[in-house]
Amino acid sequence: MTNDLVLRTATDADYVELEAHIANAFLEDVDEDTADHNRMIFEPGRTQLMTDAGRIVGSGLILTRDLSVPGSVIPAAHVTGVAVASTHRRRGVLTTLMNTMLAEAHDRGTEPLAVLWASESAIYGRYGYGLASWRVSYEIGSRDTTVGGSPPDGGRLRTAATRDVLDEIVAVFDRVLAQRPGMSTRPGQWWEYLTADPKGWRRGMSSERTVVYEDDGGVRGYARYRLKSGWGESGPDGEVRVTELLAETPDAHAALWRFLTSVDLVRTVKYGHGPVDDPLPHLVNNPDALVGSTGASLWVRILDVPGALAARRYAAPIDVVLEVTDPTFAGNTGRWRLVADDAKADVTPTDAGADLALDVRALGALYLGGVSAATLAAGGLVTERTPGSVARLSTAFGWHRAPVTVEIF
């Protein structure tokens, strides 16, 4: 990095230029409908800028949110808005921004994790992030697909503008989040931000609507969605695009998908954030009509090894010594004895021999329970030193629900 580049923390006055910088980096124009809307979640004190002659040429933002992990919900630095001007590539801008954000979150001492979505996944492993979860994107031919069964007695569906059922869906979201790793909490203005429905977010679709499933105990699930009219040579060719679908009971899950795949005049249903353990392929009459592709979702960077390991819970009792290496934070490097089960976890430094050795990137990949230690060991990313320890770690670090992240932040 040359002397004409200046690293600094953002202020409120940087917002307009920052919006333009990020839009340009992602090959877009500033959307006038959404530009000021994004200010709702802007945290200038946690935003790092690189400037050249006073002009923003690099950025990185942290959003202050919690994350659901196996058996708990913990603070996690949500990293986003990482962008470097094409005129300033290969000058150390990205590395400086990433290291500065990691150091800021690490030094806070309250966030044992940093997490992000990667627009270019080749980048972030070098900073200690491990790919911890995947998502399934569906494109469903609804003319050829039905969800079997019918709503049980007492079960019913209701559609509304999202804002009109907000309190009810927030309650469902919070209950599901407590059971499903990988979901981010929505504090402060987050719900208002996500449901404001500016025209720039619609991309040719309708305004957002919500269908809720309820029984005598209240609302048990919901789907936020948009519609698009279409006509082809053979007749109607409309589309449903699902923003978010969460259900806390099997009846709610089936009823919501039954509704979405049977909307009049619709031939295609799209959803981009299905969990890899979604039972949907087993509920439909024609699984081949569910064109699904699996892609990378959340990347996890462990900032505090003992703090992170102690914060989550484990699917089976485990007593193991992990030898962890972290080239960035020396305090993470060493041997850690983990004694844990589904109720508590204790992590202490030790001089005992290691059962397994891995780097902080592999530990991040394991952390949410969506990646098996056996898988990483097969790739040479976890080294077994005590026979049987990979199998035991795979069981303990697993979880009964696969991680899913239902929004890109």
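Taking every heavy atom of both residues into account, Leu157 and Ala255 meet most closely at CD1-O, 4.0 Å. Nearest heavy-atom pair, Trp117 versus Ile408, reported as atom, atom and distance to 0.1 Å: NE1-CA, 3.6 Å. Here the closest heavy-atom approach between residue Asn38 and residue Glu19 is recorded as ND2-OE1, 3.3 Å. Among all heavy-atom pairs drawn from Leu166 and Trp191, the shortest one is CD1-CE3, 3.7 Å. Nearest approach of Gly60 to Leu97, heavy atoms of both residues: N-CD2, 4.4 Å. Annotation for Ala247 and Leu256: closest pair CB-CD1, 4.3 Å, computed over non-hydrogen atoms.
Annotation: side chain of Thr96 is in contact with side chain of Met50 (closest heavy-atom distance under 4.5 Å). Considering only heavy atoms from C-beta on, Leu246 comes within 4.5 Å of Met183 through its side chain. Within the 4.5 Å cutoff, side-chain heavy atoms of Ile22 are placed close to those of Leu61. Contact of the Leu393 side chain with the Tyr314 side chain is not registered, since no non-hydrogen atoms from C-beta on lie closer than 4.5 Å. Contact of the Phe409 side chain with the Ile41 side chain is not registered, since no non-hydrogen atoms from C-beta on lie closer than 4.5 Å. Side-chain contact between Thr261 and Val147 is present, with heavy atoms from C-beta onward closer than 4.5 Å. Within the 4.5 Å cutoff, no side-chain heavy atoms of Ser72 are placed close to those of Arg312. Contact of the Tyr129 side chain with the Val79 side chain is registered, since non-hydrogen atoms from C-beta on lie closer than 4.5 Å.
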Show your working on side-chain hydrogen bond (donor to acceptor under 3.5 Å, both in side chains) between Arg163 and Thr195 and close with a plain yes or no. CA-CA 7 Å; Arg163 285 297 185 91; Thr195 61; 3.0 Å; yes

Decide yes or no on side-chain contact (heavy atoms from CB on, under 4.5 Å) for Thr51 and Leu5, but give the supporting numbers first. CA-CA 6 Å; Thr51 64; Leu5 296 178; over 6 Å; no

Show your working on side-chain contact (heavy atoms from CB on, under 4.5 Å) between Leu67 and Leu298 and close with a plain yes or no. CA-CA 11 Å; Leu67 184 77; Leu298 204 65; 4.0 Å; yes

Apply side-chain contact (heavy atoms from CB on, under 4.5 Å) to residues Leu227 and Val240 and explain how you reach the verdict. CA-CA 5 Å; Leu227 299 167; Val240 172; 3.4 Å; yes

Using the rule given for salt bridge (Lys or Arg N to Asp or Glu O under 4.0 Å), can you reason through Arg158 versus Asp164, listing the C-alpha separation, both sets of side-chain angles and the distance that settles it, and then say yes or no? CA-CA 11 Å; Arg158 172 165 48 96; Asp164 293 339; over 6 Å; no

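Side-chain atoms of Thr185 do not come within 3.5 Å of backbone N or O of Pro187 as any donor-acceptor pair. Put simply, the side chain of Asn286 gets close to the backbone of Asp144: a donor and an acceptor are under 3.5 Å apart. Panel note: side chain Ser133, backbone Gly370; no donor-acceptor pair is recorded below 3.5 Å. Counting only distance, with no hydrogens or angles, the side chain of Arg313 and the backbone of Ala310 share a donor-acceptor pair below 3.5 Å. A donor-acceptor contact shorter than 3.5 Å links the side chain of Ser142 to the backbone of Arg267. Of the possible polar contacts, none joining the Thr145 side chain to the Ile140 backbone as a donor-acceptor pair under 3.5 Å is found. In this structure, the side chain of His78 engages the main chain of Ala76 through a donor-acceptor pair within 3.5 Å. Between the side chain of Asp341 and the main chain of Lys344, a donor-acceptor pair closer than 3.5 Å is present. A donor-acceptor pair is defined here as one N or O able to donate and one able to accept, closer than 3.5 Å; such a pair exists between the side chain of Asn332 and the backbone of Val305. For the pair Asp52 (side chain) and Arg55 (backbone), a donor-acceptor distance under 3.5 Å is absent.
With sequence neighbours left out, the salt bridge (Lys or Arg N to Asp or Glu O under 4.0 Å) criterion links Arg202 to Asp197.
Under a 4.0 Å N-O distance rule, the pair Arg301/Asp326 qualifies as a salt bridge. Taking 4.0 Å as the cut-off between side-chain N and carboxylate O, Arg180 and Asp277 count as a salt-bridged pair.
With a 6.0 Å radius and a threshold of 12 heavy atoms from other residues, nucleotides or ligands, Asp351 has its CG atom at or below the threshold. Environment of CZ in Arg89: sparse, with no more than 12 heavy atoms of neighbouring residues, nucleotides or ligands closer than 6.0 Å. The number of heavy-atom neighbours closer than 6.0 Å to CZ of Arg337, taken from other residues, nucleotides and ligands shown, is 12 or below. Within a 6.0 Å radius of CG in Asp167, other residues, nucleotides and ligands contribute 12 heavy atoms or fewer.
Using a 3.5 Å distance cut-off with no hydrogens or angles, the side chains of Glu208 and Thr162 do pair a donor with an acceptor. A side-chain donor from one of Tyr127 and Thr95 sits under 3.5 Å from a side-chain acceptor of the other. No donor-acceptor contact under 3.5 angstrom links the side chains of Asp31 and His37, judged on distance only.
Note: Tyr193 and Trp190 have perpendicular aromatic rings, judged against thresholds of 30 and 60 degrees for the angle between ring planes. Ring geometry for Phe42 versus Tyr15: interplanar angle of 30 to 60°, hence tilted.
Atom OG of Ser293 sits about 14.5 Å away from atom CH2 of Trp134, to the nearest 0.5 Å. Summarising the geometry, atom CZ belonging to Arg224 is positioned 14.5 Å from atom CZ belonging to Arg209; distances are rounded to the nearest 0.5 Å. One distance of note links OG1 of Thr249 with CZ of Arg175; it measures 10.0 Å at 0.5 Å rounding. For the atom pair CG (Leu358) and CG (Leu381), the distance works out to 9.0 Å, reported to the nearest 0.5 Å. The structure places CD of Glu139 at 6.0 Å from OG1 of Thr268, a figure rounded to the nearest 0.5 Å. Note: Thr47 OG1 to Met101 CE = 9.0 Å, rounded to the nearest 0.5 Å.
Identified under the side-chain hydrogen bond (donor to acceptor under 3.5 Å, both in side chains) test for residues 398-409, with sequence neighbours left out: Arg65-Glu407, Arg186-Glu407. The stretch residues 375-389 participates, sequence neighbours left out, in these side-chain hydrogen bond (donor to acceptor under 3.5 Å, both in side chains) pairs: Glu323-Arg385, Asp355-Thr386.
If you look at Tyr213 and Tyr222, their ring centroids are not closer than 6.0 Å.
Across Val269, Leu283, Val284, a single residue satisfies side-chain contact (heavy atoms from CB on, under 4.5 Å) together with Trp257, and that is Val269. For the pairing with Phe397, the side-chain contact (heavy atoms from CB on, under 4.5 Å) check across Leu309, Val371, Val320, Leu368 returns one residue only, Leu309.
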